[in-house]
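Structure first, commentary second.
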Amino acid sequence: MSYSILDLKRWLLCSMAAMCLAAAPGANAQEVPPIAKTIKAEETALILIDFQGNFVNPDGAWYQKFKPDFDKGMLTKTVELVNAARAKGVWIIHMTEGYTSDYRELDWTNPGGFHRGQLLRKAWKIGSKEAAYYEPLRPKPEHKDLMPAPRIQLSAFGGTGLNEILRSKGIKNVAIAGFTIDVCNFATTVAAYDLGFHVYALREASLGFYPELSQQLMTNIYPMYSVVIDNAPFLDMLTK
């Protein structure tokens, strides 16, 4: 069978049209379920990151940096959020950062700035005033909150066994609050997403070390890994 030049041109045009159609936005798109409007409280954990003296105590190294937000009620609103979430059945997880007195668990030669900063300032020593937990958030004996041993990694999931602990309790959703949006919160958010949890980044209960960068992260980057949400809407999502 032979083909004319005209036949070949028609074949090429049809092929190109088919390719363009396949590449068009929405072509052969997979249908995915809508984002959940409600989540079960018993399947949800609220992870509080580094509510410690370094940030929240007037004598803390970074207290003055965050004081304008504290003056606007950030800490008070967070305590209210935690109490309300706990009452609904959410499991409250208090994650802290802390090091031994001589920092022997760290590699002093590592050029990365995060741990070098702690070493130079002699910061976050376990038992120090700087590492002390924020008293208004400290759980009472009747509460079933979890406060694991202090961690040395950015992510709340780093070396803490938190993933396995949450899985054993049937937790599917994690909400993240605390310090800071651009460091430990971000590391925890990405880790939680990679582990398959549904992540909710609590905007009003979190602060960033670099405000402009943190705002950009919350607007453009966090939505790739989480639902960015305020306190009240998050509480409204919780069901029995």
Beyond-backbone contact of [X] with [Y], side-chain heavy atoms, under 4.5 angstrom:
X      : Y      : answer
Phe66  : Thr180 : yes
Phe157 : Asn163 : yes
Asn83  : Arg86  : yes
Lys122 : Tyr103 : yes
Trp91  : Leu166 : yes
His143 : Ile92  : no
Asn57  : Tyr63  : no
Leu46  : Leu202 : yes

Minimum-distance pair of heavy atoms, taken over all atoms of [X] and [Y]:
X      : Y      : value
Leu154 : Ala187 : CB-CB, 3.8 Å
Leu81  : Ala205 : CD2-CB, 3.9 Å
Ala191 : Ser155 : CB-OG, 3.5 Å
Cys184 : Arg151 : SG-NH2, 3.3 Å
Arg121 : Trp124 : NH2-NE1, 3.8 Å
Asn220 : Pro223 : C-CD, 3.9 Å

Verdict with reasoning, Thr160 to Met95, per side chain to side chain contact (heavy atoms under 4.5 Å, CB included): CA-CA 9 Å; Thr160 62; Met95 300 302 303; 3.8 Å; yes
[X] atom [atom1], neighbour heavy-atom count above 12 within 6.0 Å:
X      : atom1 : value
Glu212 : CD    : no
Lys172 : NZ    : no
Glu31  : CD    : no
Lys169 : NZ    : no

Please round to the nearest 0.5 Å and tell me the distance separating atom [atom1] of [X] and atom [atom2] of [Y].
X      : Y      : atom1 : atom2 : result
Thr239 : Lys37  : OG1   : NZ    : 14.0 Å
Ile47  : Ile93  : CD1   : CD1   : 6.5 Å
Leu120 : His115 : CG    : NE2   : 12.5 Å
Tyr222 : Asn185 : OH    : CG    : 5.0 Å
Arg203 : Ser226 : CZ    : OG    : 10.0 Å
Leu119 : Asp102 : CG    : CG    : 10.5 Å

Linking I/L/V/M/F/W/Y whenever their side-chain heavy atoms sit closer than 4.5 Å, directly or via other members, would [X] and [Y] fall into one cluster?
X      : Y      : result
Val190 : Met224 : yes
Val228 : Ile35  : yes
Ile126 : Leu48  : no

Phe70 ring center near Trp62 ring center (under 6.0 Å):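 No, ring centres 6.0 Å or more apart.
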Aromatic contact, Phe179 with Phe209 (centres under 6.0 Å):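 Judged by ring-centre distance (under 6.0 Å), Phe179 and Phe209 do not meet the cut-off.
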Show me the donor-acceptor pairs within less than 3.5 Å that the side chains of residues 133-141 make with the rest of the protein, sequence neighbours left out.
unit_1 : atom_1 : unit_2 : atom_2 : d
Tyr133 : OH     : His94  : ND1    : 2.6
Glu135 : OE2    : Arg138 : NE     : 3.1

Residues forming a ring pair (Phe, Tyr, Trp, His ring centres under 6.0 Å) with Tyr210, sequence neighbours excluded: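 For Tyr210 there are no ring pair (Phe, Tyr, Trp, His ring centres under 6.0 Å) partners, ignoring immediate neighbours.
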Given 3.5 Å as the limit, does a donor-acceptor pair link the side chain of [X] with the main chain of [Y], or not?
X      : Y      : value
Thr78  : Met74  : yes
Glu97  : Asp50  : no
Thr188 : Ala156 : yes
Glu130 : Asn54  : no
Asp182 : Gly208 : no
Gln52  : Thr96  : no
Glu204 : Asn231 : yes
Asn110 : Gly112 : yes

Evaluation steps, side chain to side chain contact (heavy atoms under 4.5 Å, CB included), between Ile39 and Leu238: CA-CA 5 Å; Ile39 55 177; Leu238 298 169; 3.8 Å; yes
Residue pair Thr44, Phe234: steps toward the side chain to side chain contact (heavy atoms under 4.5 Å, CB included) verdict: CA-CA 11 Å; Thr44 304; Phe234 170 71; 4.1 Å; yes
Phe197 six-ring face occupied by Arg167 cation (under 6.0 Å, within 45°):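 Yes, Arg167 and Phe197 form such a contact.
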Side chain to side chain donor-acceptor pair (under 3.5 Å) partners for Lys129, two or more places apart: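 Result, side chain to side chain donor-acceptor pair (under 3.5 Å) vs Lys129: Asp59.
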Verdict with supporting geometry, Ile229 and Met237, side chain to side chain contact (heavy atoms under 4.5 Å, CB included): CA-CA 10 Å; Ile229 193 168; Met237 290 186 70; 3.7 Å; yes
